[in-house]
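Source: prediction; values computed, not measured.
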Amino acid sequence: MTPAARCSAAIEVLADIAERRRPAADALKDWGLAHRFAGSGDRAAIASLVYDALRRRASAAWIMGEDSARAVLIGSLRLQQGLAAPTIAALFSGERFAPAPLTEAERERLERGNLAEAPPEVAGDAPDWVLPSLGATLGDDLLPELRALGRRAPLDIRINTLKRGRADALAGLGHLKAETTPLAPHGLRIPIGADGRGPALHVEAEFLDGWYEIQDEGSQLASLLAGAGAGETVVDLCAGGGGKTLALAAEMGNAGRLVATDGDPRRLAPIHERLRRAGAVAEVRTPRAGRARADVLEDLDGAVDRVVVDAPCTGTGTWRRNPDAKWRLRPGSLATRLAEQAAVLDRAARLVRAGGRITYITCSLLPEENDGAVLGLLARTGDAFAVVPAEDVVAAALPGLAGSVRLTQHGLQMSPALTGTDGFYVATLTRR
């Protein structure tokens, strides 16, 4: 497919997303199934155009003066990819498979449109109703952080120290042109192309041999801040596919008892193969489906050294990777997540022994899900728990991280502009 034909396809997918209010991945998959002539390179290029347009949906619509799929794509080509008006006009030629030619109004908007008078929700490409909450966390850095959330995310991997040290892995992965991550001691960053694509890491021989896992640097840091050590009993309460479980196993050196579970048994499906590949030892407890499911952790109540709660959340800190999610986010979704967070924190509280710790993690920038959730647990449990100061947690686990996070009332916040990672929150509590 020509670049112009890819633009036509991207407009078609964007229109489908807007009309049916569906995830971008679903719309792209359906487009690919309906257009089997498109090769993998074409599909990847179209996906890149779509996701870039979603990253800049509000600002692109602003400079173009309308929010149609066509206008959003045209505006994003200028704002996100930096294409000049003549270059965009060459793509929109109206020739075979190309979008219709630019109108005079579109040409003028491309030449004159700017964001000088745009409100924060437009300049930062975010839903207006979340700005007060985001502002409470980010303060004067609100707009720079929103703009950072609108950029493409890097491609990071965590070296599995059960099998390789980072220095050895770096030498063995020379063909990927990797560099060490700025903050995570076991991380490597893989270059991505101009289209946002990186190498197919999941088919590399080293991946299949368990050398590494694909994991954002922020997630790696959050796992290390849990402070899990050899000989401890550790529960990963919201393990999902097992990314943090694998990191915890590596930090424990497979010495101790690591238990992984999740409220949704379907999310645990990938963990068994990932544990096998990594050579990681963990006990996976899968709850039975149905309303009357048994508590698979009841025998551990009051006996666990550390409980890691990677809580379900709105994912506002991952908008770099999931730009369509921010436009689907609704206040009702936040309310649902807050209830889920309270439930998992209450379950964690029953598990941890006296002197043990809970590490509460979200990939959110909203204080309601972060400090607010911690405050809720403290209120519900009286004086049973105390917050461990975040500066003490950082000093013990990752001293070099101190200048790259925001300290909040009860924890710490990572963010794209300040930390260079997804927006992770980490708080630590200890049972008195």
Side-chain angles (χ1 to χ4, degrees), residues 1-116 118 122-123 125 150-153 191-200 320-324 327:
M1 296 176 66
T2 65
R6 292 170 175 176
C7 286
S8 293
I11 292 171
E12 186 178 338
V13 174
L14 287 167
D16 183 32
I17 293 169
E19 291 168 7
R20 300 171 64 182
R21 300 186 61 82
R22 62 200 306 238
D26 292 349
L28 286 162
K29 180 180 179 181
D30 284 354
W31 187 93
L33 290 173
H35 300 81
R36 294 184 180 275
F37 61 83
S40 60
D42 293 320
R43 295 193 302 271
I46 293 163
S48 180
L49 288 170
V50 168
Y51 283 116
D52 277 349
L54 291 168
R55 289 185 175 95
R56 304 303 299 269
R57 194 184 87 173
S59 56
W62 174 274
I63 68 165
M64 296 306 296
E66 61 173 293
D67 62 356
S68 68
R70 175 185 167 93
V72 168
L73 181 67
I74 293 172
S76 71
L77 290 173
R78 188 190 129 185
L79 293 174
Q80 190 74 1
Q81 299 195 23
L83 300 186
T87 303
I88 297 173
L91 293 170
F92 285 69
S93 64
E95 297 173 357
R96 185 179 179 181
F97 304 125
L102 296 180
T103 66
E104 287 302 318
E106 288 172 337
R107 290 176 182 273
E108 184 175 355
R109 284 283 185 174
L110 277 175
E111 294 287 355
R112 299 175 179 269
N114 62 71
L115 300 174
V122 170
D125 285 284
R151 301 187 189 113
R152 293 170 176 167
I192 57 177
D195 61 354
R197 298 176 65 198
R320 299 187 303 176
R321 302 176 191 281
N322 305 297
D324 57 321
W327 305 117

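Under the 4.5 Å side-chain criterion, counting only non-hydrogen atoms from C-beta, Phe97 is not in contact with Ser8. Between Asp125 and Leu54 the shortest side-chain heavy-atom distance does not fall below 4.5 Å. Inter-residue side-chain proximity for Arg56 and Val72 is flagged as unmet; no heavy-atom pair is nearer than 4.5 Å. Taking the side chain as every heavy atom from C-beta outward, Ile17 and Asp26 never approach each other to under 4.5 Å. You'll find the side chain of Arg109 stays beyond 4.5 Å of the side chain of Ile63, heavy atoms only. Between Asn114 and Trp62 the shortest side-chain heavy-atom distance does not fall below 4.5 Å. Annotation: side chain of Arg320 is not in contact with side chain of Arg152 (no heavy-atom distance under 4.5 Å). For the pair Arg151 and Arg55, the minimum side-chain heavy-atom distance is 4.5 Å or more.
What you find for Pro101 and Ser93 is that their closest heavy atoms are CG-O, 3.4 Å. When all heavy atoms are compared, the tightest approach of Arg107 to Ala89 is NH1-CB, 3.8 Å. The two residues Pro99 and Leu91 come nearest to each other via the heavy atoms CD-O, 3.4 Å. Ala4 and Ala98 make their closest contact through CB-CB, 3.6 Å (heavy atoms, listed as atom of the first residue, atom of the second, distance). Nearest heavy-atom pair across Ala60 and Ser76 is CB-N, 3.6 Å. Residues Leu14 and Ala69 approach most closely at CB-CB, 3.8 Å, considering heavy atoms.
A salt bridge is defined here as a Lys NZ or Arg NE, NH1 or NH2 lying under 4.0 Å from an Asp or Glu carboxylate O, and Arg70 with Glu106 meets this definition. Remark: Asp16 engages Arg22 in a salt bridge, criterion side-chain N to carboxylate O under 4.0 Å.
In this structure, CZ on Arg78 lies 13.0 Å from OG1 on Thr87, to the nearest 0.5 angstrom. Considering CG of Leu73 and CG of Asp52, their distance stands at 9.5 Å, rounded to 0.5 Å. Taken from OG1 in Thr2 to CD in Glu95, the straight-line distance is 9.5 Å, to the nearest 0.5 Å.
Within a 6.0 Å radius of CG in Asp67, no more than 12 heavy atoms belonging to other residues, nucleotides or ligands are found.
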(request) Please test Ile46 against Met1 for side-chain contact (heavy atoms from CB on, under 4.5 Å), starting from the C-alpha separation and ending with a verdict. (result) CA-CA 10 Å; Ile46 293 163; Met1 296 176 66; 4.0 Å; yes
(message) Evaluate Gln80 against Leu77 for side-chain contact (heavy atoms from CB on, under 4.5 Å), listing each step before the verdict.
(response) CA-CA 6 Å; Gln80 190 74 1; Leu77 290 173; over 6 Å; no
(request) List the steps, then state whether side-chain contact (heavy atoms from CB on, under 4.5 Å) holds for Arg197 with Ile192. (result) CA-CA 5 Å; Arg197 298 176 65 198; Ile192 57 177; over 6 Å; no
(request) Go through the steps to decide whether Asp42 and Arg6 satisfy the test side-chain contact (heavy atoms from CB on, under 4.5 Å), and finish with yes or no. (result) CA-CA 7 Å; Asp42 293 320; Arg6 292 170 175 176; 2.8 Å; yes
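Note on ring orientation: taking the six-membered ring where Trp is involved, the planes of Trp31 and His35 are parallel (angle under 30°, cut-offs 30° and 60°).
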